[in-house]
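Here is the naming used below: chain letters follow the sequence lines, and residue numbers restart at 1 for every chain.
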Amino acid sequence: MRRGRCTAARTRALAVALVVLGGGALAPVALQAADPAPDARFKQLLQQDFRPRGGAGMDRLEQDPVQKICTETHDRPPAGPREALQKEQLEAIRWPADGHFLGDWRAGEKVAQDGRGMTWSDLPGAVSGGGCYGCHQISPQEIAFGTIGPSLLQLGRKRGASPQMQRYVYGHIYDAKAYNLCSTMPRFGFSGALTEQQIKDLVALLLDPDSPVNRP
Amino acid sequence: MTLHTGSTAPADADRRAALRAGGGLGLLGALTALGLLPPSAVRAEWTRAGFDAKSVAQALSDAGLGGGVNAEQIQLEAPEIAENGAVVPIRVFTSLAGVDRIAILVEKNPTILSSVFELPDGTEPSIVTRVKMAETCRLIAAVRSDAKVYLASKEVKVTLGGCGG
Amino acid sequence: MGDPMKIKAALMDGVTEVKVLMRHPMETGLRKDESGALVPAWFITEVTATHVDRVVLRAQFGTSVARNPYLAFRFKGGQPGDRITVSWVDSKGDRRSDEATIG
Amino acid sequence: MAEVTGARAGAATHKALGVGRAARAIAAAWPWVAAILLWSGADTAMAAGGASDPVDAAIARYHEMLDEGNPAELDEMRGEQLWKTAAGPAHASLEGCDLGRGPGVVKGAYAELPRLFADTGRVQDLESRLITCMTGLQGIPESEIVAKPFSTDSARSDIEALVAYVAGQSRGVTMRVPVHDAKEKGAYALGERLFFYRAGPYDFSCASCHSSNGSRIRLQELPNLSTTAGAQRAYTSWPAYRVSQGLFRSFQWRLYDCFRQQRFPEPVYASDATIALTMFIAANANGAVYNGPGIKR
């Protein structure tokens, strides 16, 4: 995590979360969160029963505002805080300085296949993959794909590869939460898991007309 | 995971000789010495031929199963997709009578010949076992019945599993 | 001497079905351990099954047999209570023999 | 990437079955209410979906063939030996160990764990209870037991073999995990909270992968552990032999490796957090017939 940026965002959304709890729209969750004993016990549990290992430090158990509100609302945040936080996330996206979004789809396929990165058994600082096939159908020749996310087969053929579409896909991989606050998809750029070049390569895999994803 | 499957040594004559003298007859020799097996159970032809072969044809020929033809009577059951190549279940059976040898091969493994079974009279031509598969390829079953060899094969797709880390 | 095998032998309609689980790493000699060193080949080379004192199956295994091998086969004859013996020897010369009775 | 939905080809078809969009929205907002309403419908959809998809059907066939011979039985045998053999400084076997049904009673014990134990005052799962017995009866230092609780290629774990044996002695027994005492209820509540807690660089909770029906990672079916049906299917098939590792794995290992993939720090072995999470999943599986140890990819 890029701590600086996350911490700044965290302070703002704490206020947002308080508004949610005061609103009473999510009674069961609010009741649970309002009971201080389980809260304290839960924090104690996290502190005592996990320990840092490899690159996975205890700071990973601290929730940022997005994680917090999604946890507390079972991924159904009310519109107000949702829009505020999504705007924040969108503003935090670091767009390519050269203005280009399309990399090499062959390199993108490798990134999509590779599910390693950021676990306690991965070397800190080692290159991560996107693990995209874990959740998405992408190239037609790979039959071992997950179904947590939608199929991305033929994405470029269906939606085109306009500069706007390229920017949208880049942003989505960089920070899916900027578009859907409680998306299951990790924020691959925001978290530092993928580099700008890796994200460009994935954009090419999904949108380049020559990519197997988009062949007829 | 990365799957490494392969032969244990280059296909050289020394290795074969060592296997014949060692692993090949060692158990039977020992069992015979212990009185667990009658001497007649030890057959001279029982060697480890075929495990070093680098082609399906060579493996079959070395294992005494050359010249086979595909036959519908040979049933080879295996999953279409193996969730993990480290363990791929396979069942081979046939309605043919007089079967005395069955072999199972994995077309694209470093060691193509997986196992060879000798079936005395009274043992049914039905074997269930599990192979390793390094990649998507055909599994092949060879069955010898009345000195003729019959074959069956089936492609099994080997896939990547899990979170990939 | 390896771990015990699990052997099940059941008689149905005059045919005895034998199911055997063997504990063995079945190392190919091509796998690397966590430190990147090649793990030497180590695998069962031969399996023999006997019903009382008659051989009912002999098998040769190579490294393409899966780890902790499973084997099932059937033979005619056999009576409840008869002894089934399964023995293996591996590429290091280790051996193991276990018994079960037909149920 | 829900907003750029393309063709939902292949196995995604079964997600469209059975549970409608509105119902899923309810499920997302009030999962417990919705779960009660949707149990039967969702399960039927999951079963039907699995069979209608050729890839899922092929994977189901693979599992069916594996079920015929499970190397976990070898670990059960080894665990039984360990249970019955005197060991440790006290030269005692574990035959006097109380797993909740009285000293020495192994049959059916796993189907009622985790539970509160009066002698320790703790809610304990099987593995933490085995530590209690190994330290108490055999005099083995806890530090020695928890140093390497999970098997590796080069070193087998005794506690995993004991788990295989004890779990196997509940095969065919109906799951009845007690959630009666305040401490048991507390553990369940904490486990539920941990299940839904999103954190780490990938924003994952257990629920990210385990709270929808019919999803997969790659080709692996993901049980919906927040429903009775999903928890029943999953929990009753663990602990299990993992063919990809050639090793038997305990439920504590299952949670440990999920947290690793979740990009969390390492959970402490047999800690209250892991026991609470086990309590949540095990109690959700109540009413199912325990059918482990299983065999998995």
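Between the CD atom of B:Glu124 and the CG atom of C:Leu57 there is a distance of 12.5 Å, given to the nearest 0.5 Å. Interatomic distance, CD of B:Glu118 versus OG1 of C:Thr48, reported as 10.5 Å (0.5 Å rounding).
Residues C:Val65 and B:Ile104 are not in side-chain contact: their nearest non-hydrogen atoms beyond the backbone lie 4.5 Å or more apart. Looking at heavy atoms from C-beta onward, C:Thr28 lies in side-chain contact with B:Lys132 at the 4.5 angstrom threshold.
Side-chain N or O atoms of C:Arg54 include none that pairs as donor or acceptor with a backbone N or O of B:Pro120 at under 3.5 Å.
Across C:Gly62 and B:Phe51, no two heavy atoms sit closer than the pair N-CE2, 3.2 Å. Between C:Thr63 and B:Thr111, the shortest heavy-atom distance links the atoms OG1-OG1, 3.2 Å. Taking each heavy atom of C:Ser64 and B:Asn109 in turn, the nearest pair found is OG-ND2, 3.0 Å.
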Enumerate donor-acceptor pairs with a distance under 3.5 Å from any side-chain N or O in residues 66-82 of chain C to protein atoms, sequence neighbours excluded.
{"from": "C:Arg67", "atom 1": "NH1", "to": "D:Asp153", "atom 2": "OD1", "distance (Å)": "3.3"}
{"from": "C:Arg67", "atom 1": "NH1", "to": "D:Gln245", "atom 2": "O", "distance (Å)": "2.8"}
{"from": "C:Arg67", "atom 1": "NH2", "to": "D:Asp153", "atom 2": "OD1", "distance (Å)": "3.0"}
{"from": "C:Asn68", "atom 1": "OD1", "to": "C:His24", "atom 2": "N", "distance (Å)": "3.0"}
{"from": "C:Asn68", "atom 1": "ND2", "to": "D:Tyr241", "atom 2": "OH", "distance (Å)": "2.8"}
{"from": "C:Tyr70", "atom 1": "OH", "to": "D:Glu68", "atom 2": "OE2", "distance (Å)": "2.7"}
{"from": "C:Asp82", "atom 1": "OD2", "to": "C:His51", "atom 2": "NE2", "distance (Å)": "2.8"}
{"from": "C:Asp82", "atom 1": "OD2", "to": "C:Gln79", "atom 2": "N", "distance (Å)": "2.8"}

N/O donor-acceptor pairs under 3.5 Å from side chains in residues 93-100 of chain B, not counting sequence neighbours:
{"from": "B:Thr94", "atom 1": "OG1", "to": "B:Gln73", "atom 2": "O", "distance (Å)": "3.0"}
{"from": "B:Thr94", "atom 1": "OG1", "to": "B:Leu96", "atom 2": "N", "distance (Å)": "3.0"}
{"from": "B:Asp100", "atom 1": "OD1", "to": "B:Arg144", "atom 2": "NE", "distance (Å)": "3.1"}
{"from": "B:Asp100", "atom 1": "OD2", "to": "B:Arg144", "atom 2": "NH2", "distance (Å)": "3.2"}

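Within a 6.0 Å radius of NZ in B:Lys157, other residues, nucleotides and ligands contribute 12 heavy atoms or fewer. Heavy-atom neighbours of B:Asp121 CG from other residues, nucleotides or ligands within 6.0 Å: at or below the threshold of 12.
Contact of C:Val39 with chain B is not made at all, since no heavy-atom distance falls under 4.5 Å.
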